[in-house]
Amino acid sequence: MSLNANLPGAIKPARVEWLDLFRGAAVVAMIEAHVVNTFLAPAFRDAVWFGWLNWFNGLVAPSFLFIAGWAQGLSWSVAGKKRVAFGRKLKRLLGVAALGYFLHFPWTELGQRRWTEALRVGTQVDVLPCLAAALFLVLGIQWVAQRSGEKWRVWWWFTLLGGFAVALVGLAPATRAWTAGPIPVVAFVNQTTGSLFPLLPWAGFVFAGAILGSVRTRPTVALLVAFGLLRMLGRFLEDGNFSADSPAFFCDRLAWVAVLAVLCQWFARIWQPTALLFAGRESLVMYAVHLQVISWIGQAGGPVGRLGWAAVGGMYALVLALTWAVALGWAGWRARNASRQIAAV
């Protein structure tokens, strides 16, 4: 299952190879980033090029969110006037969010009866709850658009998507230190409880992807235009605080994600590597599995923060191979189960 498989859409469009390629490349880069951040010794992090690697790795999460949004925008474009089974789609989104929370369930804190800390850790928002919540909002926008009549359907879709994107990104600096609400609510707003991907501003990548994915003609041109406009807007919004909740940061990351999307569109025309396409289609499984593999290695006394570059490369190969094996096994089991169900009909 991919991060955007079975997500809202009235009609499931044919698979778009460049999206699978983009998602698969993001999976491979995501595993590399987590392995490096976990096992590389501090002494090797001072090199100038390590900063460039961190910059590149910083495009992974925006890419995942953007791709999910693009797929939703494409689905909306294909669906036309047909109604969406909103209840079924909401159930699937809740499943994605539940998986995200399960991956950092506060077992230790609960065992030590540190209830407040358990609540803080257990409600931290990572990429899956952020993605699910953002797509839930997109689903709500789609519901409004479909019930507004043919004359206003498109207007409501793009206006509400754009309005939410601007609000999420624009309000992030003002709410970065807000702690007055309940812990689970604060976790969705900013990083003060430890959330890595609160809705402000990270959900903006989903909305931006949905907007661009809804453009049915010349998407490459739209992406390149978006890159230029975002680069200019980012320079205009620069305020010296280039952090994750800065509008300038958002514009910079989204601009380069648009470039990566164009490169994947071009690359998919000349070569579609099976391994990357598979990783893209099974990205949700690979996301969950590789985190568990890294965690198990660390809990077993693995060399966390003690490896040089060569050893980190070997560790990356090990984590990637184990993750791939589990994903292949899961995909094979699903295929056999589907075959048995068909045979039983």
Are any non-hydrogen side-chain atoms of [X] and [Y] less than 4.5 angstrom apart?
X	Y	result
Thr220	Trp266	no
Trp76	Leu139	no
Phe44	Trp309	yes
Leu59	Phe66	no
Phe236	Pro247	no
Leu103	Gln292	yes
Leu94	Phe136	no
His104	Tyr101	yes

Rounded to the nearest 0.5 Å, what separates atom [atom1] in [X] from atom [atom2] in [Y]?
X	Y	atom1	atom2	value
Asn37	Asn57	CG	CG	6.5 Å
Leu19	Gln265	CG	CD	8.0 Å
Cys264	Leu223	SG	CG	10.5 Å
Ser214	Trp70	OG	CH2	9.0 Å
Leu322	Met286	CG	CE	11.0 Å
Leu90	Trp143	CG	CH2	13.5 Å

Transitively linked via ILVMFWY side-chain contacts under 4.5 Å: [X] with [Y]?
X	Y	value
Val144	Ile141	yes
Ile183	Val121	no
Phe278	Tyr287	yes
Met232	Val166	no
Leu291	Leu328	yes

Taking all non-hydrogen atoms of both residues into account, name the closest pair between [X] and [Y] and its distance.
X	Y	result
Gly298	Val304	CA-CG2, 3.9 Å
Ala279	Val27	O-CG2, 3.9 Å
Glu17	Leu277	O-CD2, 3.6 Å
Pro129	Gly100	CD-CA, 4.0 Å
Val60	Ala29	CG2-CB, 3.8 Å
Cys251	Leu237	SG-CD1, 4.1 Å

Is the backbone N or O of [Y] less than 3.5 Å from a side-chain atom of [X], with the two atoms forming a donor-acceptor pair by type?
X	Y	result
Gln142	Val138	no
Arg23	Ser63	no
Ser148	Ala145	yes
His290	Val319	no
Asp252	Ala248	no
Thr38	His34	yes
Thr123	Leu119	yes

Would you please test Glu32 and Val28 for side chain to side chain contact (heavy atoms under 4.5 Å, CB included) and show each step? CA-CA 6 Å; Glu32 169 270 312; Val28 173; 5.9 Å; no
Would you indicate whether [X], at its atom [atom1], is surrounded by more than 12 heavy atoms from other residues, nucleotides or ligands within a distance under 6.0 Å?
X	atom1	value
Arg235	CZ	no
Phe56	CZ	no
Phe102	CZ	no

Using a strict cut-off of less than 4.0 Å between a Lys/Arg side-chain nitrogen and an Asp/Glu carboxylate oxygen, indicate whether Glu117 and Arg120 qualify as a salt bridge. yes
Quick one, Val154 with Trp157, criterion side chain to side chain contact (heavy atoms under 4.5 Å, CB included). Give me CA distance, side-chain angles, the key distance, then yes/no. CA-CA 5 Å; Val154 174; Trp157 172 254; 5.6 Å; no
Compute the ring centroids of Trp18 and Trp271, then answer whether they are less than 6.0 Å apart. no
Tell me whether the centres of the aromatic rings in Trp333 and Trp330 are closer together than 6.0 Å. yes
For a side chain to side chain contact (heavy atoms under 4.5 Å, CB included) check, start with the C-alpha distance between Leu318 and Val35, then their side-chain angles and the critical distance, and finish with the verdict. CA-CA 10 Å; Leu318 173 64; Val35 168; over 6 Å; no
Apply salt bridge (charged side-chain N to carboxylate O under 4.0 Å, His left out) to the pair Glu282 and Arg334, showing each step before the final yes or no. CA-CA 12 Å; Glu282 300 296 332; Arg334 290 205 323 272; 2.9 Å; yes
Go through the steps to decide whether Thr108 and Gln112 satisfy the test side-chain hydrogen bond (donor to acceptor under 3.5 Å, both in side chains), and finish with yes or no. CA-CA 6 Å; Thr108 301; Gln112 297 172 352; 5.9 Å; no
Step-by-step side chain to side chain contact (heavy atoms under 4.5 Å, CB included) determination, Ile294 to Phe39: CA-CA 9 Å; Ile294 291 175; Phe39 297 105; 4.2 Å; yes
Pair up each side-chain donor or acceptor in residues 189-212 with any protein partner under 3.5 Å, not counting sequence neighbours, and list the distances.
{"from": "Asn190", "atom 1": "OD1", "to": "Thr192", "atom 2": "N", "distance (Å)": "3.1"}
{"from": "Asn190", "atom 1": "OD1", "to": "Thr192", "atom 2": "OG1", "distance (Å)": "2.6"}
{"from": "Asn190", "atom 1": "ND2", "to": "Thr175", "atom 2": "O", "distance (Å)": "2.7"}
{"from": "Asn190", "atom 1": "ND2", "to": "Trp178", "atom 2": "O", "distance (Å)": "2.8"}
{"from": "Gln191", "atom 1": "NE2", "to": "Leu196", "atom 2": "O", "distance (Å)": "3.3"}
{"from": "Ser195", "atom 1": "OG", "to": "Val125", "atom 2": "N", "distance (Å)": "2.9"}
{"from": "Ser195", "atom 1": "OG", "to": "Ala187", "atom 2": "O", "distance (Å)": "2.8"}

